[in-house]
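What you see is a predicted model, and the numbers here were worked out from it, not measured in a lab. Chain letters run A, B, ... following the sequence lines, proteins first, then strands; residues in each count from 1.
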Amino acid sequence: MSELAKAYEPQEVEAHWYAAWLEGKCFEADPSSDKPAYSIVIPPPNVTGILHLGHVLNNTLQDILARRARQEGKEVLWLPGTDHAGIATQTKVERKLRDEEGKGRRDLGREAFLEKVWDFKEHHGGIIIKQLKRLGCSCDWSRERFTMDEGYTEWVSHVFVELFKEGLIYRGKRMVNWCPVSLTALSDEEVIMKPQRSKLYTMRYELVDAPGEYVHISTTRPETLMGDVAVAVNPKDPRYAKHIGRKVRRPFPAAEIPIVADEHVDIEFGTGALKITPAHDKADFEIGMKNDLEIIDVLHPDGTIHCPDCPDLDGLDRFHARKLAAKKLEEMGLLVEVEEYENNVGFSERADVPVEPRISMQWFLKYPCVDEAAKAVADGDITFRPARWAKTYAHWLENIQDWCISRQLWWGHQIPVWYRKDKLEALKGAESLDMSDFEKGDIHVGVEPPADEDAWVRDEDVMDTWFSSWLWPFATMADVGERTDALEKFYPTTDLVTGPDILFFWVARMIMAGFRFEEKRPFENVYFTALIRDMKGRKMSKSLGNSPDPIDLMDKYGADGLRFGLMRIAPVGTDIRFDEAQIEEGRNFANKLYNACRFRQMASGDVPGEKAQVPKEEALRPYHVDIMAKLDRLAADLQGLYADYRFGEISQRLYEFLWSEFCDKFLEAVKGDLRDDASAEAREVTLAVFDATMSRFLLLLHPYMPHVTEELSARMGFVGKGEFVMARELPEAGLLDGVDAGAASTQAAAIYASAGKLRNLKAEYNVANRRDVRFVVKGAPDWLADEKGVLALLAGAGEIEIDPAYEAPKGTPAALTDVGEVAMPLEGLIDVEAERQRLGKEIEKIRGEVKKSEGKLGNASFVERAPAAVVDQEKQRLEEWREKLGQLEEMVDALG
RNA sequence: GCGCGAUUAGCUCAGUGGUAGAGCACAUCGUUCACACCGAUGGGGUCGCUGGUUCGAACCCAGCAUCGCGCACCA
């Protein structure tokens with residue numbers, strides 16, 4: 001610690017140490033190590049994404065776990081990487097292409113477009129990784145993976161083929177969620193229900209056999225009525241019993257459609273009659289199947305109307321068509337009523353537009369190992385924290401639906417399926433191929449293309465991004481069929497840190513894949529992070545602009561400050577309300593730490609070196625023993641807190657130790673030992689205690705604030721040149737093992753508490769800033785004689801006098817402290833009346849306590865039924881209050 | 001509709017049966033002092049509401065309210 005800036009400047013220090021750690025290969029995991037393994041796989045961020053606060057929270061937690069595990073003597077692998085993020089990335093590149101070249105992806109063709117995406121990935125792919133490094137993440141970058149690496153891609157194909165052979169993957173025409181903007185199918189998980197203000201239209205269809213008679217039908221989607229093939233009523237509905245089997249007129253295009261009966265129809269809702277549009281509603285589709293109804297698709301994939309028979313609607317956007325269809329109905333006298341109505345509409349997660357239920361040919365997966373996956377969490381083989389997520393998980397698994405894994409995109413893992421060209425031509429497209437064609441040998445499913453590849457055409461679709469992510473814990477460690485050392489050593493992984501929002505998308509699926517392909521759970525513990533909200537409780541989002549850029553925060557407060565600040569506000573299990581002031585606290589904490597070390601350095605002038613030993617017990621003063629005892633307790637408590645993943649509490653304890661205990665109490669108490677006029681011996685002992693305590697505290701703090709702890713450890717000489725604090729293991733022994741700290745700690749506590757009382761007394765008499773105040777102590781314990789200098793220092797007094805026979809002048813202010821009754825004789829400042837009032841207030845307060853306590857002990861039920869220890873404690877408490885009361889009353893008498 | 005959380009000082013949060021806490025913010029005072037990214041002192045809470053259990057409830061139970069989340073859904 002040579003040149004001493006007054007304030008800690010994190011920027012350069014952080015960059016320096018990160019580079020040094022990389023240089024020293026501190027993050028690299030050694031699979032051949034004898035140490036027990038600890039591993040985490042990173043939730044791979046979107047390769048072209050940029051860091052947001054959620055990432056910061058998530059990765060700070062992982063870094064803390066990884067660094068702590070290293071300190072605990074584990075061989076740590078924190079495996080990093082990125083995700084190709086199919087829709088998100090493709091959408092970005094398409095937008096760029098449109099903006100810059102005015103072209104769509106089809107104008108370029110598949111190959112040229114994919115080249116563009118790879119190009120984009122090369123340019124933007126490194127950003128988030130750089131940002132994670134800035135944060136201090138101790139990932140093993142030599143093992144960084146990308147979900148579209150060659151080996152990883154092989155895994156995805158291999159898994160597809162395996163599951164296909166097992167009969168779990170099938171191709172079929174089903175009703176899927178269709179995104180009209182991204183032009184692809186989506187899984188159920190990618191659809192978000194949102195309440196919408198819409199209109200409920202009630203219209204009437206005329207009965208064919210009874211002109212002038214109508215059936216009233218309610219709908220929110222009049223634009224699909226061209227696809228109506230029936231009207232359904234509940235068979236139990238007496239109003240419509242006579243209608244079943246008759247026909248009504250569909251207004252446009254004109255057609256006669258039957259009235260069918262179906263239990264699904266809710267008698268209570270609307271008019272009790274439901275229009276059936278099998279092509280555009282899941283429930284309608286099922287009713288259509290049951291009643292063998294025609295399917296009329298009246299929408300193009302992009303959400304525009306496809307209905308050549310209605311030229312005025314054909315080609316219109318679905319929302320415009322809705323209004324126009326209603327208008328047409330009105331003109332035809334068929335619109336009965338329009339009401340305001342709130343309903344839930346499914347939105348595409350990515351494109352944020354209403355999804356369209358649509359029938360199309362897709363690939364589906366019947367999930368493997370569902371029971372095993374459910375059991376693993378139910379039995380505690382995999383632990384969820386907070387535990388309540390286990391219920392959500394179980395519920396999802398119980399109601400699990402087949403997973404639509406095909407996406408009509410280009411960026412991703414192409415489905416490893418080939419169709420015979422001639423067959424395809426005969427059928428005019430793959431849409432008509434079904435599973436029976438596989439039996440006939442017209443479909444090839446394999447990791448490798450068929451031998452006579454030219455005679456085949458590959459399926460154009462790619463797989464859902466999550467179909468690669470679910471293999472992440474093992475596919476990152478070994479290629480298909482390989483048994484690498486890393487896989488043997490580090491799989492199953494230890495902890496997974498992720499957000500509860502991807503419980504279904506990712507966590508649940510990884511568990512199933514882990515059991516299916518590695519026969520083992522993929523991880524032991526899942527820690528679900530909180531969701532970060534803004535001060536108003538709103539979710540952080542780009543569109544709201546309420547999401548601070550973590551890089552800006554690191555520029556302002558340092559990576560350590562950001563990490564620590566965020567950890568301090570991270571509660572267990574609930575959302576975080578983000579407040580920048582908290583991050584500022586993190587920076588202030590780093591500065592406080594820095595200045596504590598700077599003080600030691602200025603006071604001593606020398607470099608302590610790492611051999612700093614705890615001095616012999618005889619040489620220690622109460623403050624020395626006390627601070628080391630507190631450090632030992634902190635170290636022990638942290639162990640339990642880490643075991644329970646109480647990250648917020650750990651940061652609180654670290655903060656409190658350094659600030660309140662070390663700086664405010666210990667350092668202030670021993671300042672006298674470091675002054676020029678202090679004895680060499682006192683100075684030496686105090687410096688040794690400082691070093692022993694601080695060097696170990698830095699070790700404990702390191703996982704939370706890796707950079708500043710590394711910097712200070714080096715500057716103070718706590719680690720040798722070329723060594724790293726991050727590579728150092730936590731010592732098993734405490735600083736004070738074998739020393740009974742009880743008496744010393746009690747004395748120190750008495751001094752600290754008494755000093756507070758005396759400062760308080762000074763403040764009450766407006767002499768807080770006078771340093772020449774004299775205090776006289778009556779009834780002092782013997783040991784006080786040795787420590788009165790410290791008491792004077794802490795209380796800001798000129799002198800502390802011990803005088804058992806002291807008779808204070810009448811009206812002298814005095815306080816009752818843990819070291820006896822202390823008077824503050826101050827000529828000219830004594831106001832007898834004010835002092836009497838002050839003491840009177842205190843007496844009132846204590847009388848209240850006595851009364852309360854007496855009442856409690858007078859309660860027979862309490863004495864009989866409460867545990868003896870509690871009753872004894874209460875008796876003792878009452879005793880103490882009474883004693884204090886007596887002393888205070890004497891003090892009032894002494895006022896005269 | 002079903003389920004899950006949350007509700008404690010102005011703010012962010014601890015506190016799971018035995019005297020209501022911390023940090024910030026606020027007020028007053030203070031820089032020859034390691035740190036004003038600081039120090040000292042102080043004010044501030046019927047622990048969302050109503051019942052119940054208990055000698056004793058912020059804590060356990062029931063109901064309600066408000067906010068948030070998840071699942072399902074009636075067009």
*For A/K290, check salt bridge (charged side-chain N to carboxylate O under 4.0 Å, His left out) against everything at least two apart and list the hits.*
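Testing A/K290 for salt bridge (charged side-chain N to carboxylate O under 4.0 Å, His left out), a comparison that skips the adjacent residues, returns A/D262.
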_Would you measure the distance from the P atom in B/rA27 across to the matching atom in B/rU53 and give it in whole Å?_
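Here B/rA27 and B/rU53 have their P atoms 47 Å from each other.
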*Determine the interatomic distance between P on B/rG30 and the same-named atom on B/rC69; round to the nearest Å.*
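50 Å, rounded to whole Å.
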With both distances under 3.5 Å as the test, what is the Watson-Crick or G-U wobble partner of [N]?
{"N": "B/rC38", "value": "B/rG30"}
{"N": "B/rC47", "value": "none"}
{"N": "B/rA6", "value": "B/rU66"}
{"N": "B/rC60", "value": "B/rG52"}
{"N": "B/rG21", "value": "B/rC13"}
{"N": "B/rG1", "value": "B/rC71"}

_Residue pairs involving residues 853-865 of chain A (criterion salt bridge (charged side-chain N to carboxylate O under 4.0 Å, His left out); sequence neighbours excluded)_ =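 The answer is A/E854-A/R882, A/K856-A/E874.
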Between [X] and [Y], ring centroids under 6.0 Å:
{"X": "A/F564", "Y": "A/F589", "value": "yes"}
{"X": "A/F662", "Y": "A/F697", "value": "no"}
{"X": "A/F647", "Y": "A/Y527", "value": "yes"}

*Looking across every strand, which nucleic acid part, if any, lies under 4.0 Å from A/R587 by heavy atom: base, sugar-phosphate, or nothing?*
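If one applies the 4.0 Å heavy-atom cut-off, A/R587 turns out to touch a base.
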*Classify the nucleic acid contact of A/K762 as base, sugar-phosphate or nothing, counting any heavy atom under 4.0 Å across all strands shown.*
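Nothing: the residue A/K762, judged by heavy atoms under 4.0 Å, touches no strand.
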Below 3.5 Å, can you tabulate the donor-acceptor pairs from side chains in residues 270-281 of chain A to any protein atom, sequence neighbours excluded?
unit_1	atom_1	unit_2	atom_2	d
A/T271	OG1	A/H216	O	2.6
A/T271	OG1	A/A273	N	3.3
A/K275	NZ	A/T224	OG1	2.9
A/K275	NZ	A/D228	OD1	2.8
A/K275	NZ	A/T277	OG1	3.1
A/T277	OG1	A/D228	OD1	2.8
A/H280	NE2	A/D297	OD1	3.3
A/H280	NE2	A/V298	N	3.0
A/D281	OD1	A/A283	N	2.9
A/D281	OD1	A/D284	N	3.1

*Taking only N and O in the side chain of A/R759, is any of them less than 4.0 Å away from OP1 or OP2 of B/rA40?*
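A/R759 to B/rA40 OP1/OP2: no side-chain N or O under 4.0 Å.
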So which protein nitrogen or oxygen atoms get under 3.5 Å of nucleotides 15-18 of chain B's nitrogens or oxygens?
unit_1	atom_1	unit_2	atom_2	d
B/rG15	OP1	A/R646	NH2	2.7

*Would you kindly compare A/S861 and A/K757 by the position of their nearest RNA chain B nucleotide and give the one closer to the 5′ end?*
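Looking at RNA chain B, the more 5' nearest nucleotide goes with A/K757.
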*Sequence-aligned protein contact record of nucleotides 21-28 of chain B, with B where the base is within under 4.0 Å of a protein heavy atom and S where only the sugar-phosphate is*: --BS----
*asked:* Ring of A/F528, cation from A/R385 - is the NZ or CZ under 6.0 Å from the centre and inside 45° of the axis?
replied: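 Judged by the rule (NZ or CZ under 6.0 Å from the ring centre, within 45° of its axis), A/R385 is not positioned above A/F528.
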*Hey, does the Lys NZ or Arg CZ of A/R847 hover above the aromatic six-ring of A/W881, less than 6.0 Å from the centre and inside 45° of the axis?*
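No.
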*Checking side-chain hydrogen bond (donor to acceptor under 3.5 Å, both in side chains) for the pair A/N234/A/D266: CA distance, chi angles, key distance, verdict?*
CA-CA 7 Å; A/N234 193 301; A/D266 184 346; over 6 Å; no
*In terms of ring plane angle, is the pair A/Y240 and A/H243 parallel, tilted or perpendicular, where the classes change at 30° and 60°?*
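It falls in the tilted class, 30° to 60°.
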Atom pairs, protein N/O to nucleotides 72-75 of chain B N/O, distance under 3.5 Å:
unit_1	atom_1	unit_2	atom_2	d
B/rA72	N6	A/N344	ND2	3.4
B/rC73	N3	A/N344	ND2	3.0
B/rC73	N4	A/N344	ND2	2.5
B/rC74	O2	A/D266	OD2	3.0
B/rC74	N3	A/D266	OD2	2.9
B/rA75	OP2	A/Y341	OH	2.6
B/rA75	O3'	A/T220	N	3.0
B/rA75	O3'	A/T220	OG1	2.5
B/rA75	O2'	A/T219	OG1	3.4
B/rA75	N6	A/D266	O	2.7
B/rA75	N6	A/F269	O	2.9
B/rA75	N1	A/D266	N	3.3

*When you look at CE of A/M193, are more than 12 heavy atoms from neighbouring residues, nucleotides or ligands closer to it than 6.0 Å?*
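Counting neighbours around CE of A/M193, more than 12 heavy atoms of other residues, nucleotides or ligands fall under 6.0 Å, so yes.
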*Do A/Y557 and A/E580 have a side chain donor and acceptor closer than 3.5 Å?*
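Indeed, the side chains of A/Y557 and A/E580 share at least one donor-acceptor pair under 3.5 Å.
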